[in-house]
Each structure stands twice: as structure tokens, then as C-alpha cells.
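Let me begin by presenting the structure, written as C-alpha cells, before commenting on it.
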Amino acid sequence: MRVIDLINSSQQTAFSFEVLPPLKGTGTDALFRTIDLLREFDPKYVNITTHRSEYVYKELGDGLYRRDRLRRRPGTVAVASAIHNRYGLTVVPHLLCSGFSREDIEYMLLDLQFLGITDLLILRGDKAKHQSRFMPEENGYAHAIELQQHVNEYNRGYFVDGTPIKAPGTPFSYGVACYPEKHEESPNLEHDLAWLKQKVEQGAEYAVTQLFYDNEKYFSFVERARAAGITVPIIPGIKPLVKLSQLTVVPKTFKVDLPQELAMEADKCKDDEQMGALGVEWCIQQCKELIAHGVPSIHFYTTSAANSVREVAKAIF
Ligand code: FAD
């Protein structure tokens, strides 16, 4: 079943979560442990992130350096397939513009089709660390919407060079990202919503939000999206705080505010254990309120937070 059908057919608020592919060379044990921790809560689907390659500099001595290309977290397609085979779960690999050419994308779509994986989350992706702003790959795409158009053409039965696909398989279904506190590069929320609307008009069946800690921001975003004519499900993305350092790291990394009440409580925490307990408590309250507002589904970000997500899921699902 497609993600949109799984959400729409769920009798109660659906549970889903996101995992990262393992760091290169670390194997799948930790990844499977995360899934084992959470599978009893009946996840409707699991997202697998994608990470572009970066440049790293190796010191060769005598003041010389070599620039190497490194993908720290490769293997999204293989990890998605491994999860699907091991657990029978619907998997949603992320498809990115960032770091990938049109040909790379086409071969990824072919691999996914061979594996019977047809759900995607389509994203532009983060900029490379060495870039000051996002730069498309040579012969790649600048925005998620262009990547959607590529997938749409593939679904219509055409390769990127316009030649017909002899045996087109099940078409891909997909969602996109959205930002209740606006995307960092957007001049304002209306502008960001106008592009979200275009992404929906291009075929996005749902949108998943950036993480947030203030439900009012989500409710107001959904209201503005509806007023702008965006009617697809807007799935809240949530992550419990687990470490004291996140008080400053989360706003900086994800461009979101922590509500004053949460920030004041976090100030009182003396160590990560106390912060983790506060994070779980806050997240449970967030989920209860979201469910009371009738959200179709709640999507959890599990990076470094699988145990906390389990605590929240135990209380909610
Ligand atoms: P876009 O939709 O391209 O939007 C980027 C900006 O451009 C926005 O300001 C938008 O308003 C504007 N815009 C959109 N279309 C156009 C257009 N055609 N012309 C001009 N302006 C336009 N990053 C990763 O690297 N890997 C992941 O796996 C990953 N997973 C994520 C999952 C979720 C649920 C979310 C919310 C984010 C994820 N990200 C991931 C981060 C995401 O890639 C970044 O936030 C990225 O900067 C924007 O991606 P996007 O798809 O929203 O981009």
C-alpha cells in the first residue's frame, strides 16, 4: 500500500519514523536495534534519509593535502530494501537533488523499481559543507520540484533523455518536505507556501514537516496552507530533545524556535538525563495535543533519540 493509502486508511493517528543509513563501515546492527525498539507500535512506514557525498582533506605530509570524496552514510536504497525484507514494512527512501545528477537519479529509480519500492520522499537536500549556498550537481536539479518532474516523466514511461521505458513498472508515489517556521532561505512564509503549493500541484500526495516544538506554529501553518489551497495531509515531524547541548544546537541546525516554557524548563536541567526526561514529557504532551486536533499521522525523527521515541510511543500508540 502507498503511504498516502496507509495514512488515509488508518483508524487512528498513524505512527511512522525516520532512520539514517549507518555510517560507512559500521554495519546495520544499530539501525536494526532502532527498528526493533519501535516496531511493536505498528509503524505504518519507515523513512530512510539520503546523504550526499562531501569533500574531505587528507594530510599527506610536507604541507600537502589530498582532496577525497566521501559519502559518510551511503546505501539508502540498499538499507530501504533490507528493512523491507527483514520487517515487511513499507519503506520510504529519500530522493535528493543535492549531490546527484539526472543519471544518478535515473539509476536509483531503476534500482528501486527492481526492488519493488515505490514510495519516495522527494527533497532538494542540504547543501554540501564546503558550499556557502546550495549548488546543484552538474546536470542535476536545483529544487525538489524539478526532481518531482523527473519522477513524473519516469512514471509516464520516459527516461530522462526522452526515450520510452519498455517495461514501466508501478508508478512512484511521493511526499515532500515543508516548514511550519518557514524554510531558512525563504523570504517569508507565504512565499514558501506558494512553492509548497506548486510541489503539491506537481504530484506530492502529502507533506512532512520539519521538526518543531511549538504546536501553535504547526496549527497556524496548516491553517495558512489550507487558506492557500493546499489540501494534502501535512504530517507533523517530531523529535524529543535528548541532550542539554540541543538547546542551542537544534535552533541553529533546524532554524526552529523552542517555546519559552520549554527553554525555561530546559535551563533547569543539570544533565542529559534530566534533559532527556523533559524531552520525552514535552513530546508526549505535543503528541496528545496533535492527536486531539485530529492529525492523520505523527512522524518521528529517531537520530540519537530512539529510546526517547520509544518512551513517547509507549505513552501514545
Ligand atoms: P525545495 O522544495 O527545493 O525548497 C527550498 C527553498 O527554495 C525553499 O525556500 C522554497 O520556498 C524555495 N523553492 C522551492 N521551489 C522553488 C523553485 N522552483 N524556485 C525557487 N525557489 C523555490 N536533507 C538531506 O540532505 N537528506 C535527507 O534525507 C533529508 N530529509 C528531510 C526530511 C524532511 C521531512 C525534511 C523537512 C527535511 C529533510 N532534509 C533532508 C532537509 C532538506 O533537504 C533541506 O531543508 C533543504 O534545504 C530543502 O529541501 P526542500 O525539498 O524543502 O527544497
Side-chain angles (χ1 to χ4, degrees), residues 3 7 16-22 45-54 71-77 79-80 91-100 104-105 108 119-129 131-137 140-152 174-213 217-218 221 224-225 228 230 232-239 250 252-256 297-303:
V3 163
I7 296 169
S16 64
F17 60 90
E18 174 191 283
V19 293
L20 273 58
Y45 55 94
V46 178
N47 279 52
I48 302 97
T49 56
T50 296
H51 303 260
R52 57 160 300 139
S53 50
E54 300 283 350
R71 270 186 87 187
R72 288 182 207 280
R73 293 185 184 274
T76 298
V77 169
V79 166
V91 285
V92 187
H94 293 185
L95 196 66
L96 298 188
C97 308
S98 184
F100 296 91
D104 297 332
I105 290 157
M108 214 177 294
D119 276 288
L120 304 168
L121 192 70
I122 296 189
L123 302 140
R124 186 192 72 182
D126 291 323
K127 67 178 180 61
K129 289 199 173 64
Q131 293 171 342
S132 58
R133 64 188 168 84
F134 180 84
M135 294 292 293
E137 192 70 7
Y141 298 116
H143 284 287
I145 209 161
E146 296 169 14
L147 187 47
Q148 289 180 248
Q149 285 157 355
H150 181 136
V151 173
N152 292 346
Y174 57 83
V176 290
C178 66
Y179 305 83
E181 297 177 54
K182 107 174 173 59
H183 184 260
E184 60 173 314
E185 294 161 28
S186 244
N188 58 56
L189 193 57
E190 276 68 32
H191 195 266
D192 209 13
L193 277 170
W195 283 117
L196 177 61
K197 190 169 182 210
Q198 298 233 13
K199 293 201 280 189
V200 172
E201 283 165 1
Q202 279 298 324
E205 294 171 321
Y206 59 94
V208 188
T209 75
Q210 179 60 282
L211 50 78
F212 61 90
Y213 294 87
K217 297 226 162 106
Y218 168 81
F221 176 73
R224 290 170 81 161
I230 297 164
V232 296
I234 297 177
I235 299 169
I238 300 282
K239 180 174 180 179
V250 162
K252 198 170 154 198
T253 310
F254 298 102
K255 318 295 176 214
V256 298
S297 177
I298 303 181
H299 188 63
F300 288 85
Y301 297 104
T302 65
T303 314

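First listed ligand is number 1; within each ligand, the first listed atom is number 1. Counting begins at 1 with the first residue of the sequence.
- Between Arg124 and ligand 1, at least one pair of N/O atoms sits closer than 3.5 Å.
- Residue Thr49 has no N or O atom closer than 3.5 Å to an N or O atom of ligand 1.
- Geometrically, ligand 1 and Ala144 share a nitrogen or oxygen pair separated by less than 3.5 Å.
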Audit row: Asn47, Tyr301, side-chain hydrogen bond (donor to acceptor under 3.5 Å, both in side chains) steps and yes/no: CA-CA 9 Å; Asn47 279 52; Tyr301 297 104; over 6 Å; no
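- For ligand 1, the polar-atom distance check finds no N/O of Glu185 at less than 3.5 Å from any of the ligand's N/O atoms.
- Here His143 has heavy atoms under 4.0 Å from ligand 1 in both its backbone and its side chain.
- Scanning Tyr301, Phe134, Tyr179 for the heavy atom closest to atom 48 (C) of ligand 1 points to Tyr179.
- At least one heavy atom of Lys199 sits closer than 4.0 Å to an atom of ligand 1.
- Looking at Arg124 and Glu185, a side-chain N of the basic residue comes within less than 4.0 Å of a carboxylate O on the acidic one, giving a salt bridge.
- In this structure Thr49 satisfies the side chain to side chain contact (heavy atoms under 4.5 Å, CB included) test together with Glu18, Leu20, Pro21, His51, His94, sequence neighbours excluded.
- Between the choices Leu193, Asp126, Ile145, the shortest heavy-atom distance to atom 23 (N) of ligand 1 belongs to Asp126.
- From the protein, the heavy atom lying nearest to atom 39 (N) of ligand 1 is Leu123 CD2, 4.2 Å.
- Nearest residue to atom 46 (C) of ligand 1 from Gly125, Cys97, Pro187 is Gly125 (criterion: closest heavy atom).
- With a 4.0 Å heavy-atom cut-off, ligand 1 is reached by no atom of Leu196.
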